[in-house]
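The structure appears below as structure tokens.
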Amino acid sequence: MNTFSNGIPREIGGLQNLIHLSLRDNKLQGSIPGSMSSMSALEFLDLSHNNVSGLIPKSLEKLQNLKYFNVSFNKLVGEIPSGGPFKNLSSQSFMSNEALCGSQRFRVLPCHNSTSKHISKRTKVLALIRPDRIALELVSMAFALEWIRVWTEAIGVNKMRNGLERLVSTKCDVYSYGIMLMETFTQTKPSDEMFGGDLSLKQWVSNSLPHSATKVVDANLITPQDNHLKRKLECVASIMKVTMDCCVESPSGRIDMKDVVARLKTIQIQLIAS
């Protein structure tokens, strides 16, 4: 309950004998360092009531001595780990975050991991074989996103509420999709050790726009020898802009899923034309 700000330093992972750590009620930002998985003696970890964002590192499943874990009232997204100490946690540990998903016992929406991983894997394979085939993969992504939208509307997800009676929206899917798209095209995860403090995957991509997208995009996708290089670079920048519009902090400010599909299809047409 101080006014600590900026990010949690990754060097904190060196405190391997620390048992109790509470940083609750501060102004911490950035992601949870994956290095925390090295704090093997840790039994109590409270990061609640901050502005921590990004994913909960799956590597924290290694903390076998962890008995208490609380990241509620933050801006976390993505899947809640399910192994190790997370097997014994309740929904109270994760409530009031940006767009967490996972087991029903956590009172969050189920994740669409199987779809996302399948899409991401296919994109990586196509990129290695032939970079300009990325246009075709965009179509698959667009259809997958449209399927998610239709599915969530069909089950009435807009009428579901979590433990705090906060309205759940398909905008959560948009945010998760944006992060997945960033991961796919940059081949970099939010939990990468390069991120910490004020720098996150989203901030890294944002800093590259509009003229330096090639600095963050996977080198296998665009090479100096590509035909119509300028057109492809413009398309890549457009894709990165879509990801940023998906990941606006306020759910009400995010792009609608239908618009995401339309914009990806437009980019796909431009790539085919080049």
Side-chain angles (χ1 to χ4, degrees), residues 1-114 116-117 160-166 168 172 175-176 179 189-198 200-201:
M1 291 182 282
N2 292 281
T3 55
F4 294 148
S5 58
N6 297 325
I8 303 171
R10 64 174 63 92
E11 289 79 7
I12 200 170
L15 303 177
Q16 297 181 6
N17 295 320
L18 191 67
I19 295 174
H20 185 116
L21 175 62
S22 177
L23 296 172
R24 71 185 301 268
D25 282 295
N26 279 288
K27 298 179 180 179
L28 295 171
Q29 302 174 10
S31 58
I32 300 174
S35 61
M36 279 188 160
S37 62
S38 298
M39 303 172 71
S40 55
L42 201 62
E43 297 180 5
F44 183 104
L45 178 59
D46 192 342
L47 304 177
S48 63
H49 296 270
N50 280 285
N51 293 308
V52 180
S53 58
L55 302 172
I56 300 174
K58 186 174 177 58
S59 59
L60 296 185
E61 293 179 342
K62 298 177 183 178
L63 300 177
Q64 296 301 321
N65 292 315
L66 193 65
K67 299 178 178 64
Y68 181 90
F69 180 79
N70 192 345
V71 290
S72 59
F73 296 93
N74 277 290
K75 298 179 180 180
L76 294 165
V77 301
E79 184 173 12
I80 299 173
S82 56
F86 291 88
K87 294 179 181 178
N88 302 315
L89 299 179
S90 70
S91 61
Q92 299 298 311
S93 297
F94 308 100
M95 61 186 185
S96 191
N97 271 282
E98 189 70 49
L100 287 174
C101 63
S103 172
Q104 186 177 4
R105 64 189 175 89
F106 295 135
R107 296 185 180 180
V108 294
L109 290 174
C111 296
H112 301 300
N113 281 0
S114 58
S116 298
K117 289 179 179 178
M160 295 173 61
R161 295 175 182 271
N162 66 13
L164 289 180
E165 296 297 312
R166 188 179 65 172
V168 177
C172 294
Y175 192 102
S176 298
I179 295 295
K189 294 182 176 298
S191 57
D192 192 283
E193 63 179 15
M194 70 181 287
F195 301 126
D198 293 330
S200 63
L201 173 62

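In this view, Asp25 and Met1, His49 satisfy the side-chain contact (heavy atoms from CB on, under 4.5 Å) rule, not counting sequence neighbours. For Ser72, the side-chain hydrogen bond (donor to acceptor under 3.5 Å, both in side chains) partners two or more places apart in sequence, or in a different chain, are Asn70. For Tyr68, the ring pair (Phe, Tyr, Trp, His ring centres under 6.0 Å) partners are Phe44, not counting sequence neighbours. Residues passing the side-chain contact (heavy atoms from CB on, under 4.5 Å) test with Ser200, sequence neighbours excluded: Lys202, Gln203. Evaluation of the side-chain contact (heavy atoms from CB on, under 4.5 Å) rule for Asn17 yields no partner, not counting sequence neighbours. Qualifying side-chain contact (heavy atoms from CB on, under 4.5 Å) partners for Ile12, counting only residues two or more places apart in sequence or in other chains: Ile8, Leu15, Leu21, Ser35, Met36, Met39.
A 6.0 Å sphere centred on CD of Gln104 holds no more than 12 heavy atoms belonging to other residues, nucleotides or ligands.
In this structure, the side chains of Ile179 and Pro190 come closer than 4.5 Å at one or more pairs of heavy atoms. The side-chain heavy atoms of Leu55 and Val77, taken from C-beta on, include a pair separated by under 4.5 Å. Contact of the His20 side chain with the Ser22 side chain is registered, since non-hydrogen atoms from C-beta on lie closer than 4.5 Å. Side chains of Phe69 and Phe94 form a contact here, defined as non-hydrogen atoms less than 4.5 Å apart. Two residues are said to be in side-chain contact when any heavy atoms from C-beta on lie closer than 4.5 Å; Leu42 and Ile19 fail this criterion.
Closest approach of Ser59 and Gly34 over heavy atoms only: OG-O, 3.5 Å. Ser82 approaches Lys87 most closely through the heavy-atom pair O-CG, 3.2 Å. For Ser38 against Gly13, the heavy-atom pair with the smallest separation is CB-O, 3.6 Å. Across Phe106 and Pro81, no two heavy atoms sit closer than the pair CE1-O, 4.2 Å. Looking at every heavy atom in both residues, Pro85 comes nearest to Leu63 through CG-O, 3.2 Å. Between Val108 and Cys101 the shortest heavy-atom distance is CG2-C, 3.5 Å.
Sequence neighbours left out, not one pair with a member in residues 21-40 passes ring-ring contact (aromatic ring centres under 6.0 Å, His included). Residue pairs meeting the salt bridge (Lys or Arg N to Asp or Glu O under 4.0 Å) criterion with at least one partner in residues 33-62, sequence neighbours excluded, are Arg24-Asp46, Lys58-Glu61.
Of the possible donor and acceptor atoms, none in the side chain of Asn26 sits under 3.5 Å from a partner among the backbone N and O of Asn50. Remark: side-chain polar atoms of Asn74 are not paired, donor with acceptor, to backbone N or O of Asn97 under 3.5 angstrom. At distances below 3.5 Å, at least one donor-acceptor pair connects side-chain atoms of Arg105 with backbone N or O atoms of Leu89.
With rounding to the nearest 0.5 angstrom, the OG atom of Ser53 is 7.5 Å from the NZ atom of Lys75. Phe4 CZ to Leu23 CG: the interatomic distance, rounded to the nearest 0.5 Å, is 7.5 Å. Separating the CZ atom in Arg10 from the CE atom in Met194 is a distance of 9.0 Å, to the nearest 0.5 Å.
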> Yes or no on side chain to side chain contact (heavy atoms under 4.5 Å, CB included) for Ile56 and Leu100, after CA distance, side-chain angles and deciding distance?
Replying inline: CA-CA 9 Å; Ile56 300 174; Leu100 287 174; 4.2 Å; yes
>> Would Met95 and Phe73 count as a side chain to side chain contact (heavy atoms under 4.5 Å, CB included) here? Give the steps.
In response: CA-CA 6 Å; Met95 61 186 185; Phe73 296 93; 3.8 Å; yes
> For Asn6 and Leu28, what are the C-alpha separation, side-chain angles and deciding distance, and is it a side chain to side chain contact (heavy atoms under 4.5 Å, CB included)?
Replying inline: CA-CA 5 Å; Asn6 297 325; Leu28 295 171; over 6 Å; no
>> I'd like to know whether Leu76 forms a side chain to side chain contact (heavy atoms under 4.5 Å, CB included) with Val52, so could you lay out the CA-CA distance, the side-chain angles of the two residues, the decisive distance to 0.1 Å, and finally the verdict.
In response: CA-CA 6 Å; Leu76 294 165; Val52 180; 4.0 Å; yes
